[in-house]
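It should be emphasised that the depicted structure is a prediction, and the values quoted were computed from it without experimental measurement.
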Amino acid sequence: MTAAVVSSDIKENKKILESDFADCSDFLLRECKVDGTQAIVCVLDGMVDSMQLSEMIMEPLLRYRGKYSGGAELFNILKTSVICSVEMDTAKKFADVYYYLSSGFAALFIDGAGECLVLGIQGFEKRSVDEPSNEADIKGAKECFTETLNDNKAMLRRRIKTPELKLKQINMGVSSKTPVVIAYIENIADSELVSMVEKRLVLANIRTVQDFGELEAFLNTDRKSYFSAVGNTERPDKLCSKLLEGRVAVLTDGSPFALFVPNLFTDNFSTVDDYDNLPFYATFNRLLKYFAFVISIILPGFYVAAGTFHQELIPTSLMYTIAAAEATTPFSLMQEALMILVLYEIMREAGLRLPKVIGHAVSIIGALVIGDAVVNAGLVGAPMLVVVAVTAIASYVVYPLYESIAVLRFVFILLGGFLGIYGIVLGVCVIAVNIASINPYGIPYTAPVSPLNYKSLGDIFYRESWKKLSKRKVKVQNLRGADVDKI
C-alpha cells in the first residue's frame, strides 16, 4: 500500500496506516479533533522527542479555535499559523509519509485535506561527537563524524561559514531510501565534477545503503587497481580542507565516515599534524611515510630474492648469519615469509574482531607464536622474523594504504621467490604503470607529480611554510588531464 495516495477521507487514511504498520509495536497513532474536525497524529516511538510532540504539535492543535470552510483550509491554517515546528513539509503519497516517519517526523492527517503535514521533532538516541579513532593526531581537532547525518552537516557548516557550501541531499537504495549528501563548495568545485558524482550516485542500482563502502564502488574508477581513487575520512577538518581544494564529498546517513573524490595517490601521505608542525619536521615526516611505504611492500620480497638468487648482494658477515639461521629450518625463505605474514594477518584480524575484554589475549599469544618460540623451534630464521616485524610496523605508517600494502607484500614475495630481483623490478614497473593509468574524473591519480605541476609541489614531498601555502590557490581541477575514466 506504500504506493497509495493520501486521501481526503481520514477513515481511508487510518485504514491504510493500520494495515501497513500491522505488527509494528513502535507505531503510535492518536485520533483527536481539531476544533471539531477529525485528525490523526502518528509517530514512531523512539524516533521523536515526546516533549516537542506535546508542546509544539498536540497542545496547539487541541487548543485551536477559528473560522474555516473545510478540511483543506484548516490544513493550511494549521500549517502557516498554528504548528510551532520549524522543520515542516507536506506529503501526498504514503511512501513519502513513511520515509518522514522513519526519519523522526510526526505525520498529521486532517479530514477533508488530501495531503499530510509532516513535522520534524527528532529525538532518537545518537552517539555524541568523540575523538577520531582511526585518524589519530597530536595537535589537531579532537572530534570526528558520527552516525547522524544532520550532526555531520552541522560540523561542516560550522567550519565553512558560507552559503557557497552546498549540501545537496538525495535518497539512495530502493528499499532503504537512505539520505545521502553531496557536499561541495560552489565557485571552487568544478561543476562538471559535481555533476559526474551526482550522476554516478543517481544511476547506482543498489537495493539498500547501510554504509559508505557500498557507495565507494560506484564513485571509483573502473580501472583495475590495488589503489582506490576514492578517499574516506572520519575527520571534519580534513574533509573541509579537501572541499576547499575543489573536491566533492559524499556523506551517508548512519556512517561516521565521509567519502571524497578525487583521491590522489599523494593524499595518502599527508596528515593533519603535518600542517600544525614546523615545516622542516613536517617534511621529515612526509619523507618518512614515503620510505615506509616502499619498504613495507618491497622489503620481504627483496630479502627473499636476495637470499635465494642474489647472495652476492648481501654483506659477507650478514650472509653467514642468514645461512646459519636457514640451515636449521625446514622451509625456504619464500615459504617462511609467506607463513609468518599469514600468521600475522590472522592475529591482526583476530585482534580487531575480538571483544576488548579478551583482545589482549591475542597479543600474548602472538608474542609466543611469532617470537622466540618459533625461532627456537627451528621453524623460522631470526633474520626473517626481523624483516617481517619491520615490514609490519612500516605498513601502519601509511595506514590509508594498508589494504593495498597487505596484498602487494604477498605478490612481491612470490615474485622475489620465483624470479629474483628481476621479478621485483618487474613488479615495481607494473604497479607504477597501473598507478599512472588511473585517471578518475579526468584528474591523473599521480598528480601533481605526473604531469608535473610546480605550484603544487610545495605540499607533496616537502611542506612549505604557511606564509607560502596561504598564497597558493590550488584547485584539484587545475590538475585535470586529457582523458577521463568512463562512468
Side-chain angles (χ1 to χ4, degrees), residues 1-62 70-72 74-75 78-79 82-83 85 87-126 147-150 169-180 205-211 214 252-255:
M1 297 292 291
T2 55
V5 177
V6 176
S7 172
S8 57
D9 185 358
I10 198 163
K11 293 182 179 179
E12 181 67 22
N13 293 333
K14 180 184 177 183
K15 181 179 178 181
I16 294 175
L17 288 169
E18 291 179 340
S19 174
D20 288 347
F21 282 99
D23 298 327
C24 295
S25 59
D26 59 336
F27 177 69
L28 305 179
L29 186 147
R30 163 75 187 276
E31 294 185 80
C32 60
K33 288 188 177 182
V34 180
D35 194 18
T37 302
Q38 289 289 339
I40 289 177
V41 178
C42 51
V43 298
L44 289 177
D45 192 20
M47 299 294 295
V48 299
D49 187 327
S50 299
M51 185 66 69
Q52 291 187 48
L53 176 62
S54 299
E55 294 181 355
M56 299 173 61
I57 299 176
M58 296 307 302
E59 186 175 350
L61 286 177
L62 298 178
L74 174 61
F75 183 90
L78 296 176
K79 177 181 176 181
V82 178
I83 301 296
S85 176
E87 196 172 3
M88 181 185 302
D89 200 357
T90 57
K92 295 185 179 181
K93 295 181 179 180
F94 275 94
D96 297 330
V97 174
Y98 299 159
Y99 171 79
Y100 281 110
L101 286 175
S102 301
S103 301
F105 282 64
L108 171 63
F109 296 86
I110 300 295
D111 191 21
E115 54 185 339
C116 172
L117 186 63
V118 288
L119 311 159
I121 50 172
Q122 295 90 339
F124 45 82
E125 292 295 325
K126 56 187 178 180
E147 289 77 11
T148 308
L149 186 60
N150 286 340
Q169 184 166 316
I170 61 176
N171 295 329
M172 293 193 64
V174 178
S175 300
S176 62
K177 298 294 183 183
T178 304
V180 173
N205 185 18
I206 187 169
R207 186 169 181 80
T208 61
V209 178
Q210 301 296 328
D211 209 348
E214 299 169 23
T252 307
D253 188 30
S255 174

May I have all residue pairs that pass side-chain hydrogen bond (donor to acceptor under 3.5 Å, both in side chains) and include part of residues 101-112, sequence neighbours excluded? none
List in chain and number order the residues that pass side chain to side chain donor-acceptor pair (under 3.5 Å) with S7, two or more places apart in sequence or in another chain; answer none if no residue qualifies. none
Applying side-chain contact (heavy atoms from CB on, under 4.5 Å), name anything that partners V82, two or more places apart in sequence or on another chain. P60, Y64, I77, L78
Would you please name every residue forming a side-chain contact (heavy atoms from CB on, under 4.5 Å) with E147, sequence neighbours left out? R127, P256
Among all residues two or more places apart in sequence or in another chain, which pass the side chain to side chain donor-acceptor pair (under 3.5 Å) test with Q210? none
Residue pairs fulfilling ring pair (Phe, Tyr, Trp, His ring centres under 6.0 Å) with at least one residue in residues 10-54, sequence neighbours excluded: F21-F27, F21-Y98
Closest heavy-atom contact between L62 and C32? CD2-CB, 3.9 Å
Please name all residues satisfying ring pair (Phe, Tyr, Trp, His ring centres under 6.0 Å) with Y99, sequence neighbours left out, ordered by chain then number. none
Who pairs with L53 by side-chain contact (heavy atoms from CB on, under 4.5 Å), at least two apart in sequence or on another chain? V41, V43, I57, M58, A106, I121
V6 vs F94 side-chain heavy atoms within contact, under 4.5 Å: yes
What residues, two or more places apart in sequence or in another chain, satisfy side-chain contact (heavy atoms from CB on, under 4.5 Å) together with S175? R207, T208
Would you list the pairs meeting salt bridge (Lys or Arg N to Asp or Glu O under 4.0 Å) in which at least one residue belongs to residues 40-56, sequence neighbours left out? none
With sequence neighbours left out, what residues match E59 under salt bridge (charged side-chain N to carboxylate O under 4.0 Å, His left out)? R63
Just to verify, what does F75 make a ring pair (Phe, Tyr, Trp, His ring centres under 6.0 Å) with, not counting sequence neighbours? none
Which heavy atom in V48 sits nearest to a heavy atom in G104, and how many Å separate them? CG1-O, 3.6 Å
Looking at side-chain heavy atoms only, is the closest gap between T252 and E214 below 4.5 Å? no
